[in-house]
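Below, each value reflects all heavy atoms present in this structure, side chains not excepted, and no hydrogens, waters or symmetry copies. Just so you know, residue 1 is the first one in the sequence shown, and it goes up from there.
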Amino acid sequence: MAETAPLYDTYMRAPLRFERGEGVWLITETGERYLDFAAGVAVNSLGHAHPHLVAELKSQADKVWHLSNLYEVPGQEKLSKRLTDATFADKVFFTNSGAEALECAIKTARRYQFFKGHPDRYHIITFEGAFHGRTIATIAAGGQEKYLEGFGPKAPGFDQVPFGDLDAVRAEITGATAAILIEPVQGEGGIRPATNEFLRGLRQICDEHGLLLVLDEVQSGVGRTGKLFAHEWAGITPDIMAVAKGIGGGFPLGACLATAEAASGMKAGTHGSTYGGNPLAMAVGNAVLDVVLSDGFLQHVRDVALVFRQGLASLKDRFPDIIEDVRGEGLLLGIKAAIPQSDLLQAIRAEHLLGVPAGDNVIRLLPPLVVTAEEAREGLVRIERAAESLRAARVKKSA
């Protein structure tokens with residue numbers, strides 16, 4: 001037996017060791033090929049070893065890796081301009097992760113109210129089932145006891161209400177409320193999309209009460225739902241938005257986007273990051289946008305997503321004893337299992353297909369956005385085989 005590595009015991013890792021990747025495929029040290037519909041939990045937006053990303057990273061690596069934000073970084077200027085041109089935002093702060101992007105979003109919202117003469121307005125309304133990261137502030141924002149337990153008092157200023165309940169939101173607003181924070185599609189919570197009507201209602205409530213609407217698009221952004229950002233389906237714009245995962249295509253990169261008004265309290269010295277916006281990250285982020293913003297790319301995502309979603313719906317109809325529901329938008333999809341989630345995930349993995357567990361007994365399917373219709377159909381074949389094997393095992397057990 002191999003000696004146990006001296007790592008924190010914080011992960012339940014699958015016994016798989018991948019050596020390299022090619023597009024939507026991962027290859028183990030022993031040469032086994034797995035269809036990667038986990039994509040590093042929606043991170044590898046352009047798959048593995050994408051030639052444009054590799055070339056841009058290598059090119060920058062020969063120049064300069066790190067500068068810190070003591071100096072101007074041309075890549076930041078380029079990427080921030082492209083992000084603001086493509087979105088509601090006027091300002092961008094670069095981070096290394098989604099949790100850091102959320103920390104910046106929370107601080108930006110609170111600082112805005114302080115800057116406008118309302119220092120007591122620092123409470124943020126969040127939603128049951130949310131996941132916003134693993135820092136002390138973001139686990140408080142998410143509010144899930146399993147992440148809060150054992151880390152001392154919950155950070156104050158986060159007021160949770162049921163997901164999708166506008167009346168509950170209105171009832172929670174007080175003179176201390178600064179903002180509303182929501183994922184347009186709850187990822188960790190079980191691929192639960194907010195309805196367009198709900199998002200529009202939140203925008204209206206924020207406008208009525210002088211609150212900021214903060215969106216967590218860490219998992220749902222950068223083309224994952226078939227729009228550049230998921231909130232576009234509802235025809236609304238936020239005041240602040242946290243982005244990460246897909247924007248780096250596998251390189252650690254996040255960003256907090258805001259309107260000029262929402263960011264007006266963030267002056268020199270109010271926030272910072274040593275690594276945020278480093279030249280390597282900027283080279284990769286710009287390379288990702290080269291592809292995602294190219295003509296026809298988002299239409300490709302929508303087209304393949306339709307094929308995949310229809311196929312999953314067919315499997316649900318044929319295997320109601322295995323698949324209870326299919327959820328999600330674009331290539332941010334989830335299977336709610338009718339059996340223990342772990343059993344279905346194990347059966348899918350036995351067919352050399354990778355997925356991601358989530359809350360509410362759901363398995364996330366998050367293929368790279370470059371996945372083809374043929375590869376999506378191959379994924380469906382493997383899920384079908386997994387369902388057939390599970391059904392056969394249950395029949396045998398009951399016989």
Side-chain angles (χ1 to χ4, degrees), residues 10 41-42 95 97-111 113 120-195 198-199 201-203 205-206 209 211-221 230-231 238-245 254 256 327 332 334 336 341 356-362 364:
T10 51
V41 193
T95 69
S97 68
E100 290 175 76
L102 263 297
E103 287 275 346
C104 181
I106 291 164
K107 290 177 72 174
T108 299
R110 289 178 170 179
R111 182 76 185 184
Q113 298 292 0
D120 294 331
R121 297 184 73 173
Y122 66 89
H123 280 247
I124 296 175
I125 295 174
T126 62
F127 295 89
E128 294 172 3
F131 181 84
H132 298 297
R134 301 278 191 163
T135 67
I136 293 296
T138 54
I139 61 174
Q144 296 192 46
E145 187 57 39
K146 64 182 178 180
Y147 300 127
L148 288 163
E149 182 184 15
F151 297 111
K154 176 184 171 184
F158 298 98
D159 305 314
Q160 279 213 318
V161 298
F163 188 67
D165 189 336
L166 286 175
D167 290 336
V169 173
R170 292 189 181 94
E172 195 65 36
I173 295 171
T174 71
T177 306
I180 297 171
L181 167 61
I182 189 170
E183 303 157 274
V185 183
Q186 287 190 343
E188 178 75 16
I191 309 297
R192 299 199 301 166
T195 66
F198 184 63
L199 291 174
L202 293 180
R203 178 69 273 176
I205 288 171
C206 286
H209 293 272
L211 310 179
L212 297 180
L213 180 59
V214 184
L215 296 186
D216 177 346
E217 291 244 27
V218 167
Q219 191 161 158
S220 61
H231 68 266
D239 301 292
I240 303 169
M241 179 171 68
V243 181
K245 290 189 181 286
C256 179
R327 303 172 171 176
L332 178 56
K336 181 174 173 61
Q341 162 205 82
V356 184
D360 201 24
N361 207 40
V362 166
R364 282 174 277 184

Leu181 versus Ile125: any side-chain heavy-atom pair under 4.5 Å? no
Apply side-chain contact (heavy atoms from CB on, under 4.5 Å) to Val41 and Lys245, showing your working. CA-CA 8 Å; Val41 193; Lys245 290 189 181 286; 3.6 Å; yes
Can you see whether Phe198 has Arg192 sitting over its ring - NZ or CZ less than 6.0 Å from the centre and within 45° of the normal? no
side-chain contact (heavy atoms from CB on, under 4.5 Å), that's the test. Do Val161 and Glu128 meet it? Break it down for me. CA-CA 6 Å; Val161 298; Glu128 294 172 3; over 6 Å; no
Is there a side-chain contact between Pro184 and Glu217, using heavy atoms and a 4.5 Å cut-off? yes
Once you round to the nearest 0.5 Å, how far does CD of Gln113 lie from OG1 of Thr108? 12.0 Å
Just by modelled atom types, is the Pro193 backbone N or O under 3.5 Å from a matching donor or acceptor in the Arg327 side chain? no
Once you round to the nearest 0.5 Å, how far does CG of Leu213 lie from CD1 of Ile182? 8.0 Å
Work out which heavy atom in Ala42 is nearest to a heavy atom in Gln219; give both atom names and the distance. CB-CG, 3.9 Å
List the steps and the verdict of side-chain contact (heavy atoms from CB on, under 4.5 Å) for Glu172 and Gln160. CA-CA 8 Å; Glu172 195 65 36; Gln160 279 213 318; over 6 Å; no
Say you draw a straight line from CG of Leu215 to CD1 of Ile240; how long is it, rounded to the nearest 0.5 Å? 10.0 Å
Closer than 4.0 angstrom, basic N to acidic O: yes or no for Lys336 and Asp360? yes
Among Thr138, Thr126, Asp216, find the residue that satisfies the side-chain hydrogen bond (donor to acceptor under 3.5 Å, both in side chains) test when tested with His132. Asp216
Do you know the tightest heavy-atom contact between Gly187 and Ala358? O-CB, 3.7 Å
Pair Asp165 + Arg170, salt bridge at N-O below 4.0 Å: no
If every non-hydrogen atom of Ala155 is compared with every non-hydrogen atom of Ala137, which pair is closest and at what distance? CB-CA, 4.5 Å
Can you measure from OG1 (Thr177) to NE2 (His209) and round to the nearest 0.5 angstrom? 9.0 Å
So, taking the atom named CZ in Arg134 and the one named OG in Ser97, what distance separates them when rounded to the nearest 0.5 Å? 12.5 Å
State, with a plain yes or no, whether a side-chain heavy atom of Pro238 is found less than 4.5 Å away from one of His231. yes
For the residue pair Lys154 and Ile139, establish whether any side-chain heavy-atom pair is separated by less than 4.5 Å. no
Test item: His123 and Phe158 side chains (from C-beta on) under 4.5 Å apart, heavy atoms: no
Distance in Å, Arg364 CZ paired with Gln341 CD, rounded so as to fall on 0.5 Å steps: 9.0 Å
Is the shortest side-chain heavy-atom distance between Val214 and Ile124 below 4.5 Å? no
Between Val218 and Glu183, is a side-chain contact (heavy atoms from CB on, under 4.5 Å) present by the stated rule, with each step listed? CA-CA 8 Å; Val218 167; Glu183 303 157 274; over 6 Å; no
Would a 4.5 Å heavy-atom cut-off, applied to side chains only, mark Cys206 and Leu212 as touching? no
Compare all side-chain heavy atoms of Arg203 with those of Asp239 and state whether any distance is below 4.5 angstrom. yes
